[in-house]
Amino acid sequence: MAGRKRVPRPAAGITQRRTVTAAHCRLCGSSRALCHGVATLWRMSDVRSRIAAALAEALREIGVAEGVDPVVEPSARPEFGDFSTPAAMASAKVLRRSTRDIAQQLSDRLTAANVEAVSAWSVSGGFVNAHLDAATWGREVIDAAVAMPGIERVTMPEGHAVFPGKTLVEHTATNPNKAAHVGHLRNACIGDTVARVLRRTGHTVEVENYIDDTGVQVADVAVGIRDLGLTPLDGEPFDQFCSRVYVEVSRRYEHDPALQQQRAAVLHDIEAGKTDTASFVKDIARRVVACHLATMARFDIRYDLLTWESDIIALGFWRQAFDLLRDSGAIAHADSGQHAGCWVLPPESDPHDLDSDAAKVLVKSDGVATYTAKDIAYQLWKFGMLGRDFQYTRWDPGDPSSPMTTSAEGDSADVHFGGAQRVVNVIDARQAYPQRVVTTALRRLGHEAAADNSIHLAYEVVALTPAAAAVLGVPLEAGREMYALSGRRGIEVRADDLLDRAVQRLSEKARDADSARDVAAGAVRYYLLRFSLNQIIAFDFDEALRVTGDTGVYLQNAHARASGILRKVSDDGIAYTVPSSLERVERALLHRIDGYTWALAETARALAPSVLTAYAFSLASALSDFYEHTSPIVREADAEVRRFRRALVAATRATLGDALRTLGMAAPDRV
RNA sequence: GCCCCCGUAGCUCAGCGGAUAGAGCGGCCGCCUUCUAAGCGGUUGGUCGUGGGUUCGAUUCCUACCGGGGGCGCCA
């Protein structure tokens, strides 16, 4: 590459289409050769993108475009300016010249580039720093933020691409045999937030909730109700009743192993298509799913489609997948060895070793397909590679806002699901191995792109601190730091109960019941989202229900505070101007607002909700800092200052509101 | 045995190659006749598990250990 091609710098606000030039796609991670047609819509409306583009050009001019990334970051400290780049230090090595000379050279070229809203460049300690013209930059940031609520998608900044085609997100997938607990809720909050973030950044998204209504867990409950005659207590919600049955049946298995034959009989009846047993089990599952949907709706979590495992079986999806796998040689029948009589998928390391410990049995010697087998069929369907489709009906025909649901019968030619180009499965980290088997199967079938775009969005579990375990009456063991949740043993914090407790806590100070409910749901969501995905959440009641500091309550309160200011300070209808000299807290707040699209883009790229929670907290903190360290706007005598600060608060409110809604939280104007 | 995750302040966690390692909670001291004190300021508190290595630069990347958790089923 000549490295001389001039890239025209578009004026602010101009939208351009261009192809990503990095060696690897930042979205899918594959090399450019494998990543087909990913294009990015970028708008040079933010200074940071403009600086990065100008820097890239400057690096080309000094001949290091290949070896040095045009990294531009917010300056570590205000005295270093507004944005800084360490590119000179990296260039020094390539050019074998002094950092200081190169920094000065870059600074000179950047000065000559006349980047809009940059007033000066400086060099300090190897960094080249941009100093912004507050009046120009501030107006840009505020205007973009205030306009944001009206635009359908937030524009991705420089270097961030939108994945083309449909992304299918599967989450929740709680077994339909018990009430959802806080672990299931973590899954649902992650999945729901990822879907919201992708939609907000311009992606096409479909959300599915997989219902395992043919597994052992629901069979356990069927045994408890049908064979043991367990009945609900007066007023006991059906999902909680099932939780109790599940624990009771599991307890009885230990004393009465013969009881497990009852479960085997139930599973056998389902497999054989014996309709009275199947409909009995399906009825249990339906009623529990109704409870799960109600629970999740309290957190504003909804689905486009409920996918029933029984439909995958009834419609012969596995049979179809099996034929594809067998005909392609991806799986083979083991005639001898430890897997004799089974159809197995050989390990990644050796596509022919049927006897390996790492080989995965997909069809047991009794002819029954394993769970992972059905998951392969489902994954193929998700990518539209099965050549078959479900029938669909409305979950609640009387409620158009209820999800669609798969069905084995009926006629629904007008609706279509699946056929995605990318699949995100939100499943806890313990299931990494079977998820890997699924992608291996796709690869063996020759579906390389689908395998590459099959994302197991793994997250660690929620566990109990000793304090939380004690609250639940779990016997403590000396030196033990974590206690696992277990629906089977009844060790759990139910999602509904946790929310009830949060509502109760907030009712003390909330203006009314609706407000307490909204803020409580947001607070619980925030708590479950703020940990990075590979961190086990050490669940603690005091921490989860806390209302001060780094909490959802603080964020929502900050939004209400901004709304309150806007109510009190009337808009006089005269256009604001940004002063050329800003207060420390004003500049800091503008920087946080300016950083929103970057935080959102990074969240979408990494599929990491905690990036967005951390951003939202930093924005709310910046607002508090501003609020506490400037005099009340409502009493501000200088009309220009008043108009500017009002606009600044309006921009903050718009941005924080957008962030909260993208996190699935309410953005209340009063609390 | 092999694989994955975690180890940063008393506690819970951010920080995914750049400038003096941050936040919340807890402790201590302050601030409500001022747009919501669910707030703010100050203070206390860290050999970033340990040893090597790569680099101009490492909490961040590599490697070997140590400690904790999880996974390696003809369960889901």
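Heavy-atom basis, side chains included; hydrogens, waters and symmetry copies ignored.
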> Where the side chain of A:Asp212 is defined as all heavy atoms beyond and including C-beta, which of B:C74, B:U36, B:A76 is the nearest nucleotide?
Replying inline: B:A76
> Looking for any heavy atom pair under 4.0 Å, which part of the strands does A:Glu460 touch: base, sugar-phosphate only, or nothing?
Replying inline: sugar-phosphate
>> Give me the distance, rounded to whole Å, that separates B:G57 from B:G73 when you measure between the C1' atoms they each carry.
In response: 49 Å
>> Please tell me if A:Tyr615 has a side-chain N or O lying less than 4.0 Å from either OP1 or OP2 of B:A14.
In response: no
> Side-chain donor or acceptor of A:Asn177 under 3.5 Å from a matching atom on the base of B:A76?
Replying inline: no
> Would you say A:Arg186's side chain and A:Glu460's backbone share a donor-acceptor pair under 3.5 angstrom?
Replying inline: yes
> What integer distance in Å separates A:Asp220:CG from B:A76:P?
Replying inline: 12 Å
>> From the set B:U12, B:C16, B:C75, return the single nucleotide nearest to any side-chain atom of A:Arg605.
In response: B:C16
> What nucleic acid atoms does A:Ala510 come within less than 4.0 Å of, heavy atoms only: base, sugar-phosphate, or nothing?
Replying inline: base
> Have A:Asp213 and A:Ser310 got a donor and an acceptor in their side chains that come within less than 3.5 Å?
Replying inline: yes
> Between B:U12 atom C1' and A:Gln535 atom CD, what is the distance in whole Å?
Replying inline: 9 Å
> Under 4.0 angstrom, heavy atoms only, what part of the nucleic acid is A:Asp357 near: base, sugar-phosphate, or nothing?
Replying inline: sugar-phosphate
>> Any side-chain N or O of A:Arg646 below 4.0 angstrom from OP1/OP2 of B:C35?
In response: no
> With centres under 5.5 Å and planes under 30° as the test, does A:Phe127 stack with B:A19?
Replying inline: yes
> For atom P, what is the distance between B:A9 and B:C48, given to the nearest Å?
Replying inline: 10 Å
>> I want to verify a distance call: between B:G18, B:C5, B:U34, whose nearest atom is closest to the A:Pro86 side chain?
In response: B:G18
>> Using the side-chain contact (heavy atoms from CB on, under 4.5 Å) definition, which of the options A:Val426, A:Leu663, A:Val182, A:Leu529 pairs with A:Cys189?
In response: A:Leu529
> Can you find a donor-acceptor N/O pair under 3.5 angstrom joining the side chain of A:Ser365 to the base of B:C74?
Replying inline: yes
>> Just to be sure I understand the rule, does A:Ala173 reach a base, reach only the sugar-phosphate, or reach nothing, if contact means heavy atoms closer than 4.0 Å?
In response: nothing
> Which of the following nucleotides, B:C35, B:C25, B:C74, is nearest to the side chain of A:Thr548?
Replying inline: B:C25
> Atom CZ of A:Arg592 and atom P of B:G22: how far apart are they, to the nearest Å?
Replying inline: 15 Å
> Touch check for A:Thr551, heavy atoms < 4.0 angstrom, all strands: base, sugar-phosphate only, or nothing?
Replying inline: nothing
> How many angstroms lie between atom CG of A:Leu545 and atom CZ of A:Arg505, to the nearest 0.5 angstrom?
Replying inline: 5.0 Å
> B:G18 C1' sits how many Å from A:Lys93 NZ, rounded?
Replying inline: 14 Å
> What is the nucleic acid contact for A:Ser75, judged by heavy atoms within less than 4.0 Å: base, sugar-phosphate only, or nothing?
Replying inline: nothing
>> Considering every strand and a 4.0 Å limit on heavy-atom distances, what is the contact class for A:Asp375: base, sugar-phosphate, or nothing?
In response: nothing
> So what does the secondary structure string of RNA chain B come out as, 5' to 3', with Watson-Crick or wobble pairs under 3.5 angstrom, [ ] for crossing and | for pairs with another strand?
Replying inline: ((((((((.[[[[.)..(...]]]]((((((.......))))))....[[[[[..)....]]]]])))))))....
> For A:Ser454 and A:Gln379, does a side-chain donor sit closer than 3.5 Å to a side-chain acceptor?
Replying inline: yes
>> In whole Å, I'd like the distance from the OH atom of A:Tyr246 to the P atom of B:A76.
In response: 13 Å
> Nearest of B:C16, B:G24, B:C40 to any side-chain atom of A:Glu602?
Replying inline: B:C16
> In whole Å, what is the span from the CG atom of A:Leu566 to the P atom of B:C35?
Replying inline: 15 Å
>> Suppose you measure atom P in B:A64 against the same atom in B:U8; what distance do you get, rounded to whole Å?
In response: 22 Å
>> Students often get this wrong, so: under 4.0 angstrom with heavy atoms, is A:Met482 touching a base, only sugar-phosphate, or nothing?
In response: nothing
>> Using a 4.0 Å heavy-atom cut-off, does A:Arg670 contact any base of the nucleic acid, only the sugar-phosphate backbone, or nothing at all?
In response: base
> Rounded to whole angstrom units, what separation is found between the OH atom of A:Tyr433 and the C1' atom of B:G71?
Replying inline: 11 Å
> Ignoring hydrogens and angles, does a donor from either the side chain of A:Ser124 or the base of B:A19 sit under 3.5 Å from an acceptor on the other?
Replying inline: yes
> Taking atom P in both B:G22 and B:G39, what distance in whole Å separates the two?
Replying inline: 23 Å
>> Distance check needed: B:A76 P versus A:Leu362 CG, whole Å only.
In response: 11 Å
> What nucleic acid atoms does A:Val671 come within less than 4.0 Å of, heavy atoms only: base, sugar-phosphate, or nothing?
Replying inline: base
> Does A:Arg530 count as lying over the ring of A:Phe617, i.e. NZ or CZ under 6.0 Å from the six-ring centre, within 45 degrees of the axis?
Replying inline: no
> So, A:Phe80 and B:A19: ring centres less than 5.5 Å apart, planes less than 30° off, yes or no?
Replying inline: yes
> Contact class for A:Gly125 (heavy atom, under 4.0 Å): base, sugar-phosphate, or nothing?
Replying inline: nothing
> Between A:Ser618 and A:Arg592, does any side-chain donor sit less than 3.5 Å from a side-chain acceptor?
Replying inline: yes
>> Just to be sure I understand the rule, does A:Ala429 reach a base, reach only the sugar-phosphate, or reach nothing, if contact means heavy atoms closer than 4.0 Å?
In response: nothing
> From B:A23, B:C6, B:C40, pick the nucleotide closest to the side chain of A:Phe617?
Replying inline: B:A23
> Contact class for A:Ile633 vs. all strands (heavy atom < 4.0 Å): base, sugar-phosphate, or nothing?
Replying inline: base
>> Nearest to the A:Phe531 side chain among B:A76, B:G69, B:C13, which nucleotide is it?
In response: B:C13
>> If you compare every side-chain N and O of A:Tyr554 against the phosphate oxygens of B:C40 (OP1, OP2), does one of them come in below 4.0 Å?
In response: yes
> Looking at A:Thr465, does any N or O in its side chain come under 4.0 Å of the phosphate oxygens OP1/OP2 on B:U12?
Replying inline: no
> Within the side chain of A:Gln217, is there an N or O that forms a donor-acceptor pair under 3.5 Å with the backbone of A:Pro176?
Replying inline: no
>> So, does A:Lys360 get its side chain near the phosphate of B:G73, meaning an N or O under 4.0 Å from OP1 or OP2?
In response: no
> Which one, B:U34, B:G69, B:A19, comes nearest to the side chain of A:Pro632?
Replying inline: B:U34
> What nucleic acid atoms does A:Ala560 come within less than 4.0 Å of, heavy atoms only: base, sugar-phosphate, or nothing?
Replying inline: base
>> Consider side-chain contact (heavy atoms from CB on, under 4.5 Å). Of A:Asp540, A:Thr551, A:Val553, which one does A:Arg546 pass it with?
In response: A:Thr551
> On a whole-Å scale, what distance lies between the P atoms belonging to B:G70 and B:C65?
Replying inline: 22 Å
> Expressed as a whole number of Å, how far does the C1' atom of B:U63 sit from that of B:G45?
Replying inline: 33 Å
> Looking at the angle O4'-C1'-N9-C4 for a purine or O4'-C1'-N1-C2 for a pyrimidine, is B:C32 syn or anti, with syn meaning within 90° of 0?
Replying inline: syn
>> For the C1' atoms, the ones on B:U60 and on B:G24, what distance do you get once it is rounded to whole angstrom?
In response: 23 Å
> Closest to the A:Arg430 side chain: B:G71, B:G18, B:C56?
Replying inline: B:G71
> B:U20, B:G24, B:G18: which one has an atom nearest the side-chain heavy atoms of A:Arg77?
Replying inline: B:U20
>> Give me the distance, rounded to whole Å, that separates B:U47 from B:A58 when you measure between the C1' atoms they each carry.
In response: 16 Å
